[in-house]
Amino acid sequence: MSADTRTKLLAGALRTLTEQGLAKTSARTIAATAGVNQALVFYHFGSVDELLAAACQYGAEQRVAHYRERFARVGSVAELLELGRELHTEERAAGHVAVLAQLLAGAQTQPRLAPATAAGLGSWIEEIETVLARVLAGTPIAAFVDVAGLSRALAAGFVGLELYEGVDPDGALAALDALEQLSGLVGVLEDLGPVAQRAVRARLRRSTGRRGRNDPRSGA
């Protein structure tokens with residue numbers, strides 16, 4: 001029964017965030033949504049912030065697990081971005097991206113939310129990083145892409161699109177289209193012959209080498 005109550009509170013916290021926003025999320029509103037006594041929030045989690053932190057991780061793990069088989073079937077950057085577009089539509093409609101965006105914003109003023117919110121986003125990043133490493137392997141740009149950094153950029157970008165889409169839906173759509181154009185470029189590079197691919201690698205190597213020498217952090 002205790003585990004069942006915890007699950008009800010975690011789900012209730014996520015639903016309250018979705019329907020009422022962070023500002024109106026409290027022990028009372030969460031308990032009412034979960035259908036339990038308000039005192040159980042503090043019995044199981046100690047505070048509302050700790051419940052929200054746990055709910056963020058719980059929600060992210062549930063959503064990533066829901067898509068894991070679809071991630072496993074991705075065979076190219078284009079397919080990954082196509083899945084990303086589907087995820088954006090589905091998660092936005094369900095309010096899940098909005099919850100993560102609110103928690104990211106709340107973590108700026110409530111430090112206790114930060115580690116769990118980062119961990120929740122990290123669940124998505126880990127899945128994206130696994131797919132990117134697989135689909136970029138053997139491509140001309142594989143040696144020049146920071147897969148871990150790119151995975152974080154993509155995850156953060158999709159959360160940001162949730163906020164941006166609210167004020168500029170056409171702009172958000174254009175951003176997704178631009179990402180798909182980049183995936184097309186990767187496809188073109190993959191279709192090049194061996195000689196052309198070596199030339200591309202050499203040019204990229206020179207380019208990244210120049211950036212390293214000119215980067216003030218390099219000490220050069």
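Everything numeric in this text was worked out from a predicted model, so none of it was measured.
Glu127 places no side-chain N or O within donor-acceptor distance of the main-chain N or O of Ser123, the cut-off being under 3.5 Å.
With sequence neighbours excluded, the residues forming a side-chain contact (heavy atoms from CB on, under 4.5 Å) with Arg63 are His66, Tyr67, Glu91, His96, Trp124, listed by chain and number. Applying the side-chain contact (heavy atoms from CB on, under 4.5 Å) rule to Asp170 yields the partners Asp168; only residues at least two apart in sequence or on another chain are considered. Residues satisfying the side-chain contact (heavy atoms from CB on, under 4.5 Å) criterion with Arg134, sequence neighbours excluded, are Val74, Val131. Shown here are the salt bridge (charged side-chain N to carboxylate O under 4.0 Å, His left out) partners of Glu90, two or more places apart in sequence or in another chain: Arg70.
Residue pairs satisfying the salt bridge (Lys or Arg N to Asp or Glu O under 4.0 Å) criterion with at least one member in residues 31-44, sequence neighbours excluded, are absent. Identified under the salt bridge (Lys or Arg N to Asp or Glu O under 4.0 Å) test for residues 27-45, with sequence neighbours left out: none. Applying the salt bridge (Lys or Arg N to Asp or Glu O under 4.0 Å) test to pairs two or more places apart or on separate chains, none has a residue in residues 73-83. Applying the side chain to side chain donor-acceptor pair (under 3.5 Å) rule to pairs touching residues 16-27 yields Arg15-Glu19, Thr16-Thr33, Ser26-Thr29, sequence neighbours excluded.
Contact record, Pro111 with Pro115: O-CD, 3.4 Å, taken as the closest heavy-atom pair.
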Using residues 148-157 as the side-chain source, report each donor-acceptor pair under 3.5 Å to any protein atom, sequence neighbours left out, with the distance given to one decimal.
{"unit_1": "Ser151", "atom_1": "OG", "unit_2": "Glu129", "atom_2": "N", "d": "3.4"}
{"unit_1": "Ser151", "atom_1": "OG", "unit_2": "Val147", "atom_2": "O", "d": "2.7"}
{"unit_1": "Arg152", "atom_1": "NH1", "unit_2": "Ala148", "atom_2": "O", "d": "3.1"}

Would you give me the side-chain donor-acceptor pairs under 3.5 Å for residues 48-58, sequence neighbours excluded?
{"unit_1": "Glu50", "atom_1": "OE2", "unit_2": "Arg112", "atom_2": "NH1", "d": "3.4"}

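Heavy atoms of other residues, nucleotides or ligands lying less than 6.0 angstrom from CD of Glu126 number 12 at most.
Put simply, CG on Leu103 and OG1 on Thr117 are 4.5 Å apart, with the number rounded to the nearest 0.5 Å. Atom CG in Leu113 sits 10.0 Å away from atom CG in Leu104 (nearest 0.5 Å). Note that CG of Leu81 and CG of Leu87 are 11.5 Å apart. Values are rounded to the nearest 0.5 Å.
Residues Leu10 and Leu22 fall within the same hydrophobic cluster, defined by Ile, Leu, Val, Met, Phe, Trp and Tyr side chains chained together at heavy-atom separations under 4.5 Å. Val77 and Phe71 end up in the same hydrophobic cluster when Ile, Leu, Val, Met, Phe, Trp and Tyr side chains are linked at under 4.5 Å.
Counting heavy atoms from C-beta on, the side chains of Leu9 and Tyr43 never come closer than 4.5 Å.
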